[in-house]
Amino acid sequence: MTQVDIPRPEYPRPQFEREDWVNLNGQWTFAFDPGKSGMDAGRRLFRSEGFDDEITVPFCPECPLSGVGHVDFIEAMWYHRTIAIPENWIDKRILLHFGAVDYESELFIDGVSVGTHFGGTVSFSHDITAYVRAGESHNLVLRVFDDVRSGTQPGGKQNTHYRPWRARYSRTTGIWQTVWMEAADPCGLKDIHIVPDLDSGRFIVTPTFHDLKQGLSLKVTLKAGEIIVAEGACAAVQNGALVLELEDPRPWSPDDPFLYGMILDVTDSAGRLLDSVTSYAGLRKVHIEGNQVFLNNRPLYQRLVLDQGFYPEGTWTAPSDGALKRDIELSMAAGFNGARLHQKVFEERFHYWADRLGYLTWGESSSWGCDVNNPVAARNFLTEWGNIVVRDRNHPSIIAWTPFNETWSMTDKKQHHRLHRDGYDLCKLLDPTRPVNETSGFIHVKTDLWTVHTYEQDPEALSR
């Protein structure tokens, strides 16, 4: 399959991009496991070298674009494909990335378990270096478990009934975002946290690395177009902050969504380049004074659409990168300056286009389906929500966080309130730069933004 034929061929993570990568979207084989017996002796599906049926990744089996279109519940399934490791990846750290898999997954390479992941809406990676060899091919098998009716996992607006029911839509099971491999130096960058400081005209960049050895350096270059506007270098240490001062700061805003290009290079003591990542950043500030939200120290009027993020062809997955951009363009053409992203964690390419187009968003989880009175559900939710905030906190277009939506099912007040406080506090711990609307509508426990859901259509009634 050529790159042109691969569905969703674009690089899925524009704020942390490497050149050396392989897109694994396309035709995989799969098998449903209604008895959840695939791990049992006598079956051992994790050793599979291919299943009987085909599915188009990254589209879920419930949607037409997957080529499957299964409409009933799927609690367990298995995926398989062969992966070929490029010969020039010898001595590299080989990373296998999943944009999202709903809900629980376990990865096997040639029948050996590599690791598990819990959380249906956030990206994750497995380091497969020890399980593969450069220049050889291997069997990749992914086990998926998804019980959207359990009350212990977030599901958003996925339908918990067989037929359409109230404000519920088609379900999503298994892989629903891009799968890809990339090669990095063993001491390469793992992540970056970019904090804009508008008032001081600077960015604070905090890196984390996969591993470290003595003599490594990190250099960060900030560009406006092709012009270098700031540079900084420091010894490569875990979570060591690097400050980039700007002489003539240019803020990011809906009227001028200007983005600085960023290049991050890791070099050894001899000056040899080990790892290079490209990114971007927007210089902007969001804060609250009294009952008013401010953007870049000016009052902000928000006219937001409620974006559900469902597609007839792909369910939670946009059929193309252009479809993500088009959604934003249509909203802006209708007079909206942003969206509350509702009961779904949107993929990073959506946030990329929001950054590029100057489209404001409130980031939200898919909290529905997760019983806020259940400590096990709370444990599952908080882990996933923390991962969501860390993944998306560098995007300037996101101006608020909303962990929950309409948590009116309060059967245990103590647990309900505890989870809401924990959700708020976790946001502030991981990202103190944005206001938090801990639950949109109904019961507030600890919040920066007071939100009420009303469907009143009478202007006089609303004015009272």
Side-chain angles (χ1 to χ4, degrees), residues 1-10 12 22-34 36 38 45 48 50-83 96-107 117 119-124 139-148 153 155-160 162-164 168-180 308-324 327 344-350 366:
M1 181 177 287
T2 66
Q3 186 75 10
V4 175
D5 296 328
I6 293 175
R8 299 302 305 271
E10 63 282 345
V22 176
N23 192 319
L24 296 179
N25 292 344
Q27 294 303 304
W28 295 42
T29 65
F30 81 98
F32 292 137
D33 186 8
K36 297 185 280 293
L45 299 184
S48 174
F51 298 110
D52 292 336
D53 296 314
E54 290 192 343
I55 185 170
T56 302
V57 170
F59 304 108
C60 70
E62 291 90 346
C63 77
L65 283 175
S66 70
V68 181
H70 185 83
V71 298
D72 209 341
F73 289 86
I74 306 168
E75 289 193 6
M77 65 179 296
W78 296 76
Y79 290 85
H80 171 275
R81 71 157 290 159
T82 301
I83 54 173
L96 180 64
H97 302 286
F98 292 86
V101 178
D102 195 2
Y103 167 75
E104 174 191 336
S105 65
E106 183 174 6
L107 174 69
H117 180 264
T121 62
V122 74
S123 306
F124 62 96
N139 288 296
L140 181 163
V141 173
L142 189 74
R143 177 189 65 83
V144 169
F145 178 75
D146 181 23
D147 187 1
V148 73
Q153 67 182 62
K157 290 206 169 184
Q158 297 184 58
N159 200 349
T160 53
Y162 176 75
R163 296 186 182 278
R168 304 291 183 124
Y169 311 114
S170 299
R171 288 172 292 278
T172 292
T173 300
I175 299 170
W176 65 277
Q177 286 187 36
T178 292
V179 185
W180 80 102
Q308 311 278 350
F310 277 81
Y311 296 86
E313 319 97 308
T315 311
W316 262 2
T317 311
S320 67
D321 188 50
L324 294 170
D327 282 352
K344 178 191 170 184
V345 179
F346 283 54
E347 60 180 282
E348 292 182 80
R349 294 291 306 190
F350 180 93
S366 56

Which is it for Val71 and Tyr162 under the side chain to side chain contact (heavy atoms under 4.5 Å, CB included) test, yes or no, and what are the steps along the way? CA-CA 8 Å; Val71 298; Tyr162 176 75; 3.7 Å; yes
Begin with the C-alpha distance, continue with both residues' side-chain angles, and end with the deciding distance and a verdict on side chain to side chain contact (heavy atoms under 4.5 Å, CB included) for Ile74 and Glu62. CA-CA 9 Å; Ile74 306 168; Glu62 291 90 346; 3.7 Å; yes
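Arg81 is listed as a side-chain neighbour of Leu24, based on a closest heavy-atom distance under 4.5 Å. Residues Pro12 and Gln177 form no side-chain contact, since every pair of their non-hydrogen atoms from C-beta on lies 4.5 Å or further apart. Using a 4.5 Å heavy-atom cutoff, the side chains of Tyr311 and Asp327 are in contact.
Across all their heavy atoms, Ala318 and Leu324 have their closest contact at CB-CD2, 3.5 Å. What you find for Gln158 and Thr172 is that their closest heavy atoms are OE1-N, 2.8 Å. The shortest heavy-atom contact between Gly99 and Ser123 is O-OG, 2.9 Å. Nearest heavy atoms, Trp180 versus Asn23: CB-CA, 4.2 Å. Nearest heavy atom pair, residue Thr317 against residue Pro58, reads OG1-O, 3.7 Å. Of all the heavy atoms in Val68 and Phe32, the pair that sits closest is CG1-CZ, 4.3 Å.
With hydrogens and angles ignored, the 3.5 Å screen pairs no side-chain donor or acceptor of Arg171 with any backbone N or O of Thr315. Between the side chain of Lys344 and the main chain of Trp316, a donor-acceptor pair closer than 3.5 Å is present. Between the side chain of Tyr79 and the main chain of Ile175, a donor-acceptor pair closer than 3.5 Å is present. Here the side chain of Arg8 pairs no donor or acceptor atom with the backbone of Asn25 at under 3.5 angstrom.
We find the CG-CH2 distance between Asp53 and Trp28 to be 16.0 Å, quoted to the nearest 0.5 Å. Atom-to-atom distance recorded for Glu54:CD and Thr29:OG1 is 7.5 Å, nearest 0.5 angstrom. Atom CD of Gln308 and atom NZ of Lys157 lie 4.0 Å apart (nearest 0.5 Å).
Residues Gln27 and Thr56 have side chains that bring a donor and an acceptor to within less than 3.5 angstrom of each other. Side chains of Trp176 and Asp102: no donor on one and acceptor on the other come within 3.5 Å.
Heavy-atom contacts from other residues, nucleotides or ligands closer than 6.0 Å to CG of Asp72 number more than 12.
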Under 3.5 Å donor-acceptor pairs involving side-chain atoms of residues 140-148, not counting sequence neighbours:
unit_1, atom_1, unit_2, atom_2, d
Arg143, NE, Glu106, OE1, 3.3
Arg143, NH2, Glu104, OE2, 3.0
Arg143, NH2, Glu106, OE1, 3.4
Asp146, OD1, Gln153, NE2, 2.6
Asp146, OD2, Thr173, OG1, 3.1
Asp147, OD1, Arg149, N, 3.4

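Ring pair Phe98/Phe124 is parallel by interplanar angle, where below 30° counts as parallel and above 60° as perpendicular.
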